[in-house]
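These numbers come from a predicted model, not from an experiment. Every heavy atom of this structure was used, including side-chain atoms; hydrogens, water molecules and symmetry mates were not. Positions are given from 1, in the same order as the sequence printed here.
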Amino acid sequence: MSQSNAPRTTAENRFRPLSSQERLGALVHDIVNEMLRVNAEKTKSDQGHPIEDFHGDNRIQKDCIRQFCAFDKRVVDLENGLDQFEREVRRLGSSSGLIRATHEVRKHLLQLFDAFRSDSESIYRMFGEKPHYEIPDVFRPRSLDYLGPTVDQQQGILELFEELSDDLEEFLNSLLDIPEFTDKRLTDSIGAFQGWLEYRAGGLEDFKEDLHTPAVKLYAQSLMEEMSTYLKHTENAIQSFAKDGVAAIKSAQNRSQVQLQNMSTVVCDLVDIQSP
């Protein structure tokens with residue numbers, strides 16, 4: 001694990017044992033570094049394209065399909081949840097910033113999905129037994145035109161992790177801008193997801209020069225399973241808030257509006273009484 005991405009040592013945490021996530025991160029970094037070292041020793045050049053000892057490993061292809069199908073389901077579920085969330089929050093006052101933030105989260109989530117799809121297809125081809133494989137339908141590109149341009153050719157998983165992390169931070173701040181918002185479950189889910197993206201982006205930064213190598217592609221693909229857990233928790237929290245939380249906030253806003261109207265009526269009556 002590089003020094004730049006190692007846990008910071010402060011007076012508060014100098015003797016704190018590493019968390020399970022930090023231990024796992026350190027282990028994964030060591031494994032990827034070893035994979036890169038072995039890859040450099042065993043890879044031969046063929047017009048700039050690597051020839052891998054793992055070429056023809058059908059297990060990697062099967063894992064590639066399984067992992068991406070599971071990730072696909074979680075992304076679709078969260079996208080549907082965000083779509084419902086966006087429709088519901090339009091009923092609330094002070095929601096324009098939240099609607100804009102929701103759109104950005106959806107856009108970069110689907111662009112990240114497209115980047116993982118592209119990498120998964122690349123891994124499937126890379127480890128195939130034949131030079132030309134028929135690509136499974138799950139790896140076929142999908143149109144994202146309704147959310148704007150698809151992922152930039154120069155923009156990969158690292159950059160999209162960073163952008164989605166920023167989007168989630170803006171989403172969380174927009175929620176907190178609504179005075180009546182009190183859903184701790186939703187803020188905790190968003191905060192955990194945002195923190196994980198930031199942490200993993202830092203890890204990928206250590207391998208920035210090797211992001212297109214088979215070893216790092218396999219490592220990045222393994223992150224889909226971790227990310228799926230955060231997608232599930234976030235989707236559940238968003239669905240719950242859209243179902244019950246929005247109605248509670250709308251009711252609170254209506255009560256506040258009635259109170260303000262009553263206060264205005266009382267002020268007007270007092271003015272009338274005091275008038276000659």
Side-chain angles (χ1 to χ4, degrees), residues 5 21 68 71-92 94-119 141-178 181 183-205 208 211 220-221 223-242 245-246 249:
N5 199 50
Q21 186 183 49
F68 186 75
F71 182 69
D72 183 3
K73 181 182 184 306
R74 292 302 175 202
V75 170
V76 170
D77 286 346
L78 180 55
E79 188 202 358
N80 291 338
L82 288 168
D83 185 55
Q84 179 188 356
F85 175 88
E86 188 173 335
R87 291 197 305 269
E88 291 295 328
V89 297
R90 290 181 184 278
R91 300 162 48 197
L92 303 177
S94 307
S95 64
S96 59
L98 183 57
I99 292 170
R100 183 169 56 252
T102 304
H103 179 82
E104 289 300 304
V105 169
R106 289 182 66 202
K107 181 175 75 173
H108 287 125
L109 174 66
L110 292 180
Q111 289 179 344
L112 181 58
F113 170 84
D114 196 53
F116 271 122
R117 179 206 58 75
S118 178
D119 269 13
R142 301 180 187 178
S143 174
L144 306 180
D145 292 344
Y146 68 101
L147 285 176
T150 54
V151 61
D152 191 294
Q153 292 297 319
Q154 301 300 317
Q155 196 176 32
I157 291 172
L158 169 59
E159 292 82 1
L160 288 166
F161 267 24
E162 293 171 339
E163 290 194 5
L164 184 56
S165 175
D166 291 342
D167 294 338
L168 288 172
E169 184 175 8
E170 180 62 27
F171 182 90
L172 187 56
N173 290 335
S174 298
L175 279 171
L176 297 175
D177 284 342
I178 300 177
F181 176 78
D183 193 330
K184 187 174 185 298
R185 178 189 178 189
L186 182 54
T187 56
D188 287 350
S189 297
I190 296 294
F193 189 14
Q194 189 267 337
W196 179 85
L197 287 165
E198 193 174 67
Y199 177 76
R200 287 306 181 196
L204 289 171
E205 184 73 32
K208 193 169 185 178
L211 288 176
Q221 187 195 38
L223 298 180
M224 286 193 296
E225 291 196 72
E226 276 187 45
M227 185 174 171
S228 292
T229 301
Y230 289 93
L231 292 173
K232 179 182 178 181
H233 292 162
T234 302
E235 186 264 333
N236 288 340
I238 282 178
Q239 290 276 21
S240 176
F241 177 74
V246 171
I249 290 177

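- Residues Asp114 and Arg117 are paired through a salt bridge, judged by an N-O separation under 4.0 Å between the basic side chain and the carboxylate.
- The distance between the ring centers of Tyr199 and Phe161 does not fall below 6.0 angstrom.
- The two residues Ser189 and Thr234 make their nearest non-hydrogen contact at O-OG1, 3.9 Å.
- The CG atom of Asp167 sits 10.0 Å away from the OG1 atom of Thr102 when rounded to the nearest 0.5 Å.
- In this structure, the side chains of Ile157 and Leu223 stay at 4.5 Å or more apart for every pair of heavy atoms.
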Intermediate values then yes/no, side-chain contact (heavy atoms from CB on, under 4.5 Å), Glu198 and Glu169: CA-CA 11 Å; Glu198 193 174 67; Glu169 184 175 8; 5.7 Å; no

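- In this structure, Leu158 and Ala201 approach most closely via the heavy-atom pair CD1-O, 3.2 Å.
- The distance from atom NE2 of His103 to atom CG of Leu98, rounded to the nearest 0.5 Å, is 13.5 Å.
- Interatomic distance, CD1 of Ile238 versus CG of Asp183, reported as 10.5 Å (0.5 Å rounding).
- For the 3.5 Å distance criterion, the side chains of Gln194 and Ser165 qualify, holding a donor opposite an acceptor.
- Asp83 contributes no side-chain N or O that, together with a main-chain N or O of Glu79, makes up a donor-acceptor pair within less than 3.5 Å.
- Counting heavy atoms from C-beta outward, Arg200 and Glu226 have side chains that approach closer than 4.5 Å.
- Shortest non-hydrogen contact noted between Phe116 and Phe68 is C-CE1, 4.0 Å.
- When every heavy atom of Ala101 is checked against every heavy atom of Ser174, the shortest pair comes out as CB-OG, 4.0 Å.
- The two residues Leu160 and Ala115 make their nearest non-hydrogen contact at CD1-CB, 3.8 Å.
- Ionic pairing of Glu170 and Arg100 is not present here: no N-O contact between side-chain nitrogen and carboxylate oxygen is shorter than 4.0 angstrom.
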Derivation of the side-chain contact (heavy atoms from CB on, under 4.5 Å) call for Leu78 and Leu82: CA-CA 6 Å; Leu78 180 55; Leu82 288 168; 4.1 Å; yes

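- For the pair Met227/Leu164, a side-chain contact is recorded, criterion being any heavy-atom separation below 4.5 Å from C-beta on.
- The closest side-chain donor-acceptor pair between Glu235 and Gln239 falls under 3.5 angstrom.
- A salt bridge is absent between Lys232 and Asp77: the closest approach of a Lys/Arg side-chain nitrogen to an acidic carboxylate oxygen does not fall below 4.0 angstrom.
- A distance of 9.5 Å separates CG of Leu204 from CD of Glu159, quoted to the nearest 0.5 Å.
- Side-chain contact between Glu162 and Glu205: present, with at least one pair of heavy atoms (C-beta onward) separated by less than 4.5 Å.
- Below 30°, between 30° and 60°, or above 60°: for Phe71 and Phe113 the angle between ring planes is below 30°, a parallel geometry.
- Looking at every heavy atom in both residues, Phe181 comes nearest to Leu175 through CB-O, 3.4 Å.
- Here the rule is side-chain contact (heavy atoms from CB on, under 4.5 Å) with Phe241, and of Asn236, Thr187, Leu186 only Leu186 fits it.
- Residues Ile99 and Arg90 have side chains in contact (heavy-atom distance under 4.5 Å, counting atoms from C-beta outward).
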Stepwise side-chain contact (heavy atoms from CB on, under 4.5 Å) test for Tyr230 and Leu197: CA-CA 10 Å; Tyr230 289 93; Leu197 287 165; over 6 Å; no

